[in-house]
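First comes the structure, then the notes that go with it.
Heavy atoms only: backbone and side chains are in, while hydrogens, waters and symmetry mates are out. Order of appearance sets the numbers: ligands from 1, and atoms from 1 within every ligand.
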Amino acid sequence: MSSSLALFGGTPIRTRPFPAWPVFGAEEEHRLLRVLRSGHWGRLDGSEVSEFEARFAAMHGCRHAIAVVNGTVALRIALLAAGIRAEDEVIVPPYTFVATATAVLEANAIPIFADIDRQTFNLDPAAVKAAITPRTRAIVAVHFAGQPADMDAIMALAADRGILVLEDAAHAHGAAYRGRPAGSLGHIAAFSFQSSKNLTAGEGGIITTSDDALAAACRSIHNCGREPDGIWYEHHVVSGNYRLGEFQGAVLNGQLDRLAGQTETRDRNGRCLAARLAAIPGLHPQRRPPECTRHSHHLFMLRIDPAEFGAPRTPVIAALSAEGIPCSAGYGYSLPDQPLFRNKAFGPFVPRAAAAIDYSASRCPNSDLICREQALWLGQNLLLGTLDDMEDIVRAFEKVHAHRDELKA
Ligand SMILES: Cc1ncc(COP(=O)(O)O)c(C=O)c1O
C-alpha cells in the first residue's frame, strides 16, 4: 500500500489482463463447419437454431423458446404478441439500456418510467405501483446486472390488475430467483446474445414463455406473420423476418455447454467481491436479497458515495483503470433524460403521447443520482477470473481509497 497511485507514476496493482471474452473452442468450430458444409444456413432448413431453442426452453422449465435476431426485437415481439395496442402504457425502469424503452415505443406503446431501488438497482415495486394507471398494460422488469428483480411484488401488482409482466433478461442468463430461472418468472421473457452478453453469438436474442398462445403469436410474428403448417406465401399479421440464422445457432449451442460453469464462477466471485468491497467506506455493492439464489453477474455493479469515500467517481475510475482494473461509470443518463425522450424523437410512433407526455417531469431520483455520480461497473469477464484476481480488484480499491486525498482536486 506504500506505492503511489499508478495514475501518478506508481507501480500498478496488476498488469496481467483479466480473462478474455468471448470464450470458445472446438465445439463451436465443429458446429460452425458442419453448418457451413451442410449448405443449410437458415433455420428453415437447418437444425442448430431449433436444437438451441429446445435446450434453452428446457433449461428454463419453459414450454417455448423462440430465437430472434436480437434482444430489442425479442422485447418488441413479446409486447406485440401480448396484444399491446397503440398508446397503451408500459412501465419500465429508467436505469437500463435504452432498448428496454425503445422496444415499447416501437410497439407503438408509451413507456412510463418508475424509479429503481437505490440498493438493488432493480425496479422499486412502490414506484411501479404509483405509476400504474387504468391504461397500464405491461411492466418490463429488467434483471439488472443479472440479479432478478423483485418478482414476487411485481407479479402481485400485475395479477391484481391483469397486467402482463415481461422480463428483460438481457443480463440474466443462468440467474435464479428462489431457485427458479430468470426468464421463467413472468408471463414472457426476452434475452439478448449481443457480443458483451454472458451467452453470445455476436448478435441474437430469444423469447421464453410457457403460455402457448403467446408463443404461437411470437413464432408467427418472428416469421413474417406465417402460421404453423400454413401456406408459404400466406401472411396473417403485419410482421417481418426476425429469424435467427444457423451460424449463430451453432455458436449458441457451443456457448450453452459452458454457461452453467461460468455462471457458478461469476456468482462465487461476485459474492466474494461484494463482501470485501462493502468493508471500504463509501462503497455500496448491489444489495443481494435472499431471493436471488443465483446472480449471473453480467456486471458487477456498485455505488460509490463520493462524500463517504472521500473522492469523486471520475478520478476514482481513472485511478482504478491505471491500477489494471478496467471499470466504467455505465449509463450517463437516466432514460427520461436521454435526448430521445427530452425531444420526444419518436418518429411515427405514439403521436398523441408525444404531444401529451412531459418526460422532463419523470421523477427518478435514485436512477438520476446513480447515473450522475455513483455507478461503477466491472464487466462480466473480470468475474470469470480466480479468487486471486478478485483479490487484485479489492487491493486496487483499497489502494485508491488510501490515496483518496490525491484525487479530490
Ligand atoms: C437490459 C437490456 N435490454 C435489452 C438489450 C437489447 O439487446 P440487443 O442489443 O441484443 O438488441 C440490452 C443490450 O444490449 C440490454 O442490456
_Is a donor from one side chain sitting under 3.5 angstrom from an acceptor on the other, for Asn269 and Arg266?_
no
*How about Phe397 and His401: are their ring centroids closer than 6.0 Å?*
no
*When the ring planes of Phe121 and Tyr95 are compared, do they come out parallel, tilted or perpendicular, using 30° and 60° as the limits?*
tilted
_Residue part near ligand 1, for Thr100, under 4.0 Å between non-hydrogen atoms_ = side chain
*asked:* Whether Arg313 engages the ring of Phe309 as a cation-pi pair (distance to the six-membered ring centre under 6.0 angstrom, angle to the ring normal within 45°) should be assessed.
replied: no
*asked:* With no hydrogens and no angle check, just 3.5 Å: does a side-chain donor-acceptor pair link Gln374 and His284?
replied: no
*Minimum-distance protein heavy atom relative to atom 12 (C) of ligand 1*: Phe97 CD2, 3.6 Å
*Any N or O of Leu75 closer than 3.5 Å to N or O of ligand 1*: no
_With respect to Thr72, determine whether any N or O atom, backbone or side chain, lies less than 3.5 Å from an N or O atom of ligand 1._
yes
*Can you sort out which atoms of ligand 1 are near Asn70, meaning under 4.0 Å from one of its heavy atoms?*
10 (O), 11 (O)
_Assess, by modelled atom type and distance only, whether the side chains of His30 and Glu27 contain a donor and an acceptor separated by less than 3.5 Å._
no
*Does Ser192 reach ligand 1 with a nitrogen or oxygen that is under 3.5 Å from one of the ligand's nitrogen or oxygen atoms?*
yes
*Nearest neighbour in protein (non-hydrogen) for atom 14 (O) of ligand 1*: Lys197 NZ, 2.8 Å
*Check the angle between the aromatic planes of His173 and Phe193 and answer parallel, tilted or perpendicular using the 30° and 60° thresholds.*
tilted
*Centres of the Trp377 and Phe300 rings: under 6.0 Å?*
no
_Shortest protein contact, atom 3 (N) of ligand 1 (heavy atom only)_ = Asp168 OD2, 2.7 Å
*Identify the protein heavy atom lying closest to atom 2 (C) of ligand 1, giving its residue, its atom name and the separation to 0.1 Å.*
Ala170 CB, 3.4 Å
_With heavy-atom distances below 4.0 Å as the criterion, list the atoms of ligand 1 near Thr96._
1 (C)
_List ligand 1 atoms under 4.0 Å from Gly71, heavy atoms only on the residue side._
7 (O), 8 (P), 10 (O), 11 (O)
*What residue and atom, counting heavy atoms only, is the protein's closest point to atom 16 (O) of ligand 1, and at what distance?*
His171 NE2, 2.9 Å
